[in-house]
Each structure stands twice: as C-alpha cells, then as structure tokens.
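Chain naming here is simple, since letters A, B, ... match the order of the sequence lines and numbering starts at 1 in each. What's counted below: heavy atoms across the whole structure, side chains too, no hydrogens, waters or symmetry copies. What you see is a predicted model, and the numbers here were worked out from it, not measured in a lab.
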Amino acid sequence: MKILIFTGLALLTAVSYGQPSGKEMLNLIDRNLSAKTRIMTAKMIVGGARGSRTIEFNAWTEGDKRSFSEYTSPAREKGTKMLKLEDKLWIFSPSTDRIIQITGQMLRQSVMGSDLSYEDMMNNGDLTSHYNASVTGSDTIQGRKCWLLRLDAISDNEAYQLRIIKVDKEKNIPLTEELYAKSGKLLKRIILSDVKQVQGRWYPMKMVFRDMLKTGDGTQFVIETLKLDEPVPENIFSKASLK
Amino acid sequence: MIKFIIKGLLRDKHRSRLPLIVVSFGVLLTVLLYTWITGFLGDSINLNAKLAAGHVKVITKAYRDNMDQLPIDLSLTGSKEILDGLRKDYPSVSWVDRIEFGGLLDVPDSAGETKSQGPFTGFGLDLGPSSGEAERLNLSKILVEGRIPASEGDILVSSQFATKLGIKINDKVTFIGSTMYGEMAIFNFRVSGTIKYGSVAMDKGSVIMDIKDARKALNMEDACNEILGYTSKEYYDDEKATLLTQSFMAKHKDSGNKFDPVMIRLRDQNDLGSLIDYMTNVMGFLCFIFILIMSVVLWNTGLVGGLRRYGEVGLRLALGEEKGHVYRTMIAESALIGFVGSLIGVTIGMTLSWIIEQKGFDFSGVMQNATMLMPGVFRTRITTEAWFIGFIPGLVATVLGTMLSGIGIYRRQTARLFKELQ
C-alpha cells in the first residue's frame with residue numbers, strides 16, 4: 001500500500017512540475033474561458049487621439065456560433081445592437097432604423113473606434129478546435145510564473161494565424177497574448193488581468209487590447225458582471241430582437 | 001538684301017523645299033508632343049488639385065503624418081476661425097473647407113435589410129453658391145443622372161459604384177463609418193444623382209455630399225480635416241504655393257501640439273512633387289533632344305545643299321564676293337527658312353493640338369485597374385510656352401545647321417577656284 005501511495009505521489013509530482021503538452025494546456029485554458037453560454041455586462045474604455053470614451057453594453061453568447069449585444073451608453077451608441085449567427089453579423093442602428101449586415105473584410109474593422117474588431121468581439125470559441133499548440137518555454141509576467149505557448153492556426157481562415165500566449169501556470173489563464181497575421185506581422189497585443197473566480201473558474205475581468213496597426217492608447221475591456229453556462233432565451237438570437 | 005534672298009529661295013525651290021519640310025515637320029512634332037505631355041501631366045495635377053490636394057492645404061501636424069489613412073480623428077477643430085483667418089490674411093487665394101473620409105455604403109432591399117454594400121471615399125464639400133466648389137469640380141458637367149444635392153441628406157454617387165451596388169436616383173442608402181471621436185457613425189442619405197469623373201480610381205467608389213451633412217454624420221461640428229487653397233482658377237503654380245506656405249508657416253510656429261495647423265503644397269502630397277519635377281525635366285529634355293536632332297538633320301541638309309551649291313559658292317567667291325558675305329547670306333537664307341518652316345509647323349501643330357484639346361482621346365477602357373488618380377480622357381493643353389517651344393528651336397536649329405555646314409566655305413582656296421570651275 002505504501003509503495004502504491006509513494007508511486008502515485010511521485011507521478012503526481014512529476015506531472016505537476018514537468019512541462020505539459022500544448023494540447024493539455026489548451027484544454028486547461030478552455031476549461032476556464034470556454035463556456036456554453038455567457039451573459040455579461042461590460043464596458044470598453046477606448047483611448048483615442050482626442051481623449052478616451054467609455055462604451056457600455058450587455059452581451060449574451062452561446063458557444064462561438066451565436067452572440068447578441070446591446071449598447072447602453074453613451075447616448076450616441078445607445079440602442080445599437082449586434083447579432084452574430086454563425087459567420088454572419090448584423091447591426092441595428094436606432095437612428096437610421098436599419099439592420100445592416102457586416103460581411104467579409106468589414107468583420108476585421110474596428111468596433112466603435114476601439115482596438116477590437118467585430119471578429120474579436122464575436123469570437124468566443126474554444127482554442128482547442130482552432131489551434132495546434134506547443135509549449136516553448138516559461139516566463140514570469142505580473143509576478144506570476146507562466147508557460148509560453150505557441151498556437152498555430154489549423155485553418156487558413158483564422159483571423160490570427162499565430163498566437164504567442166503566456167499562461168499562468170497555476171490558474172491556467174493567459175496573461176498576455178500576441179496575435180500575428182499570416183505574414184508574421186504583429187496585429188494585436190492583449191494584456192489580461194484582474195483574474196477572478198467565477199462559478200469555480202478563473203476568468204480575467206480586465207483585458208487591454210492594443211491594435212498594433214493603430215495609434216492610440218489601446219482599449220480596456222472591463223467585465224462588470226459575468227454569468228457562465230446560464231440558459232439564454234432562444235428569442236435573443238433572432239433578428240427580431242434587433243429592432 | 002532680304003528681298004533678294006526671298007526671291008532666290010522662291011525661284012530655286014530645290015534650295016528651300018527640303019529644309020522647309022524638315023523644319024515644319026520637326027516643329028509640328030515638338031508642338032504636338034509638348035502640348036500632349038503638358039495636357040496629360042497637367043490634367044493629372046489639376047485633377048488632383050481640384051479633387052483632393054488643392055494648390056495648398058491646411059491640416060493638423062498629426063494628420064499630415066498619417067494623411068494616406070484619412071484619419072478624421074486628427075482633424076482641425078475650430079475650422080471656421082482658421083478659415084476666416086486665411087481669407088483675411090490671403091484674400092487673393094480661394095479657401096474652402098472639406099472633409100475627406102472613408103466608409104461603407106449600404107443599400108437596403110425592400111425589407112430594409114442589406115441588399116449590397118461597398119467601400120467608398122467620401123467628400124464633404126461646401127456646395128453653397130459662394131464657395132465655387134460645384135464649379136471647381138464641374139459637378140453639373142460630370143452629372144450623369146439626377147441633380148446636384150440641394151436638400152439636406154442628398155448625396156452624389158459615382159455612376160460605376162451606383163451601378164455596382166444597384167443604386168437608383170432617390171434611393172435611400174446608409175453610410176457606416178467612424179466619427180471624429182471614434183464613435184460608430186451610421187447615417188441615412190438619399191442619392192440625388194450619379195456622376196462620372198473620368199478618373200478610374202474615383203469612379204470605382206466615391207460619394208460627394210454637402211459638408212454640413214458630412215459634419216452631422218461624422219460628429220464634426222466646427223471641424224474639418226482639410227482646408228484647401230487655390231491660388232488661381234487655372235493650373236498649379238509651384239512658386240506661388242511655396243511662397244504662400246512659407247508665409248503661413250512663419251505666422252504659425254510649431255508649439256509642439258500635434259493638432260497645430262500646418263500648410264503643405266500640392267507637390268508635397270501623393271508623390272505629386274515627383275510628377276511636377278518629371279514634367280519639368282521632360283520639357284527640358286524634349287527641347288534639348290529636338291535641337292540636337294534638328295541640328296544634325298539640318299546640318300546634313302545644309303551639307304547636301306552645300307555640295308549641290310558647291311559650284312554656285314565657288315562662282316560667287318571667284319567673282320570676288322567675300323567668304324564672310326557668302327556665309328552670312330546663307331545664314332540669312334536659313335534663318336528665313338527656319339522662320340517660315342517654324343511658322344508652318346507651329347500653325348499646323350497648334351491646330352492639331354487645339355482639336356485634341358477640344359475632343360480628347362478616351363483611354364479609360366485600357367485603364368480599368370488604375371489606382372492612381374489619372375484622367376481617363378487625355379487631352380492636349382495649349383499654353384503660352386507651346387507657341388515658343390517649337391518655334392525657337394526650329395529657328396535656332398536651322399541656323400545652327402547652316403552655320404556648321406557653311407564653315408566649309410572658309411576652307412575654299414581662291415587660287416584653286418578657276419581650276420575647279422573649269
């Protein structure tokens with residue numbers, strides 16, 4: 001019995017201190033960040049050439065296929081709604097009373113002048129099914145020990161073909177991400193912080209996005225309330241809910 | 001003496017016909033080539049000036065550094081005060097404020113949902129009667145269908161873009177873009193007309209609207225991204241623009257603020273400087289080559305004539321005419337031929353140039369993929385210089401050719417003349 005316990009502890013120690021595989025790391029990250037549904041209240045603080053603006057919104061997402069968000073502030077944006085179904089995105093603007101479909105290259109444009117693109121906003125999918133990962137080393141970020149991960153896109157259709165991320169060894173949450181284009185050009189840098197426990201998972205409540213192709217101070221994405229895996233009414237994800 | 005030379009030239013056609021044809025043809029070609037190049041490059045510069053560059057442009061320092069991205073967030077604020085100041089300080093210059101921006105035009109179907117959409121470059125212009133912008137851009141001439149914007153929310157769409165998106169006159173369309181403060185800009189407009197610039201790049205996707213509407217859509221009250229100045233109604237004058245820019249910059253010292261206004265010339269924008277330099281160099285090179293070729297041709301013609309007139313020159317020398325006098329009369333003859341030939345060449349060349357200036361050559365069919373702001377219809381342009389550019393070299397080359405070939409007269413030895421004449 002003693003031998004069995006000793007062997008078990010030795011194996012556990014080896015796993016704990018050894019370098020995990022890329023796939024294992026992605027599974028651990030997805031276990032924290034990926035959810036069947038997400039309901040959140042958040043705000044974006046966009047740093048621009050003429051000062052910063054705060055945009056507040058509520059969002060409902062279901063996997064990486066369906067998403068709905070409604071902007072509540074400032075006055076100019078209030079009532080603007082966005083609906084994503086599969087790879088299609090619609091925007092409703094109350095001032096024009098129009099439902100506009102955003103497709104193709106437009107999906108890579110900035111959302112309300114922020115450093116996030118429509119794709120960034122709508123993409124809530126798990127990493128495992130989109131990237132092949134390999135652990136390339138370790139580092140220390142924000143005083144936390146991290147694994148250094150290289151994620152190569154499985155499909156050519158991914159907006160970011162390469163991601164270099166640093167993942168907290170203990171909480172399995174990325175603390176920094178660098179997103180690259182196919183050409184190898186650095187497109188975005190994200191710093192994730194304020195990691196809190198939400199329904200038994202670790203979740204970063206603050207993210208600072210920096211579009212490397214833009215001038216500006218970046219965009220802070222702050223999650224104020226977050227509910228995971230809670231049922232979302234079916235009618236939310238319909239065009240009727242836009243108007 | 002001149003009468004004598006004229007009589008000689010008229011009676012002995014062999015002496016004048018060939019040089020006259022050569023000079024006329026050479027001058028004609030030069031005039032045509034000059035007016036063509038001036039028209040071609042001048043039109044491109046002029047089109048750029050009218051459409052986007054102005055002769056000078058006032059923008060913010062930060063905007064200047066990122067101008068190719070049309071960053072409206074780096075626009076001039078307090079534009080009315082700046083504009084009033086410019087009009088007061090430089091009253092001879094025509095000043096206009098504009099907003100140039102990019103965005104997406106969305107066309108709804110009968111249910112109000114997206115039918116088609118495409119990216120465009122938008123121009124917010126002061127379409128009021130006093131600004132002269134509608135005349136500057138020839139809006140009434142380039143209007144294909146519909147009317148010039150007269151009511152709030154009216155826009156003009158380039159006809160090729162309208163066809164591509166399936167837009168009809170009076171259709172409601174929606175602009176999607178960003179405001180000066182980075183907010184999402186979604187605004188409805190009504191298409192009042194379609195236009196055709198004759199510039200492939202512009203016809204692909206552009207929209208013109210009144211600056212008041214652009215200000216409303218882009219949240220740019222008392223702001224604009226560019227104030228354009230036109231030193232004259234005609235073509236760009238680099239010297240005037242340089243002086244104006246120096247004067248403005250002397251008054252507006254750099255305070256270190258990225259939103260400080262700066263003035264730039266047309267030549268400082270979109271590689272237009274290299275186009276202007278190229279144009280100047282081409283003109284100089286053209287004149288040099290013409291004089292060189294014509295000199296060689298006319299020297300050769302003079303030599304042939306000299307050989308043919310070998311006996312005549314010998315006889316004149318034998319009769320006691322001075323070598324210098326023979327040489328001078330031959331130069332006078334050539335000057336007369338050069339004058340008449342150049343006159344004929346200029347007359348025919350200018351007539352052809354005038355016809356091409358009026359009619360133009362339409363090359364838009366072969367410029368489908370052009371990205372540069374170039375006109376699709378090319379025309380010659382008759383300038384004051386065009387009258388001299390062929391005439392003076394025509395005259396100079398003829399005289400120079402005779403001067404070179406006539407040197408042989410001085411090599412003739414009087415003692416051997418009678419032997420030669422026998």
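For the options B:Ala62, B:Pro108, B:Ser178, heavy-atom pairs under 4.5 Å to chain A are most numerous at B:Pro108. Per-residue heavy-atom pair counts under 4.5 Å with chain B were compared for A:Arg76, A:Arg50, A:Gln101, and the maximum is reached by A:Arg50.
Below 30°, between 30° and 60°, or above 60°: for B:Phe120 and B:Phe101 the angle between ring planes is above 60°, a perpendicular geometry.
To the nearest 0.5 Å, atoms CG (B:Leu76) and OG1 (B:Thr60) are separated by 5.5 Å. Separating the CD1 atom in B:Ile155 from the CZ atom in B:Arg190 is a distance of 10.0 Å, to the nearest 0.5 Å.
Proximity to chain A is limited to the backbone of B:Phe187, based on heavy atoms less than 4.5 angstrom apart. Contacts of B:Ile186 with chain A are made by both backbone and side-chain atoms, with heavy-atom separations under 4.5 Å. No part of A:Ile55 comes within reach of chain B, as not one of its non-hydrogen atoms sits under 4.5 angstrom from that chain. Only the side chain of B:Gln117 comes within less than 4.5 Å of a heavy atom of chain A; its backbone N, CA, C and O stay farther away. Heavy-atom distances place the side chain of A:Glu77, and not its backbone, under 4.5 Å from chain B. Of the two parts of A:Thr80, only the side chain, counted from C-beta on, holds a non-hydrogen atom closer than 4.5 Å to a non-hydrogen atom of chain B.
Although no hydrogens or angles enter the test, the distance criterion places no donor-acceptor pair under 3.5 Å between the side chain of B:Arg98 and the main chain of B:Cys224.
Residues B:Thr194 and B:Ser159 have side chains that never bring a donor and an acceptor to within less than 3.5 angstrom of each other. No side-chain donor from either of A:Asp229 and A:Gln199 sits under 3.5 Å from a side-chain acceptor of the other.
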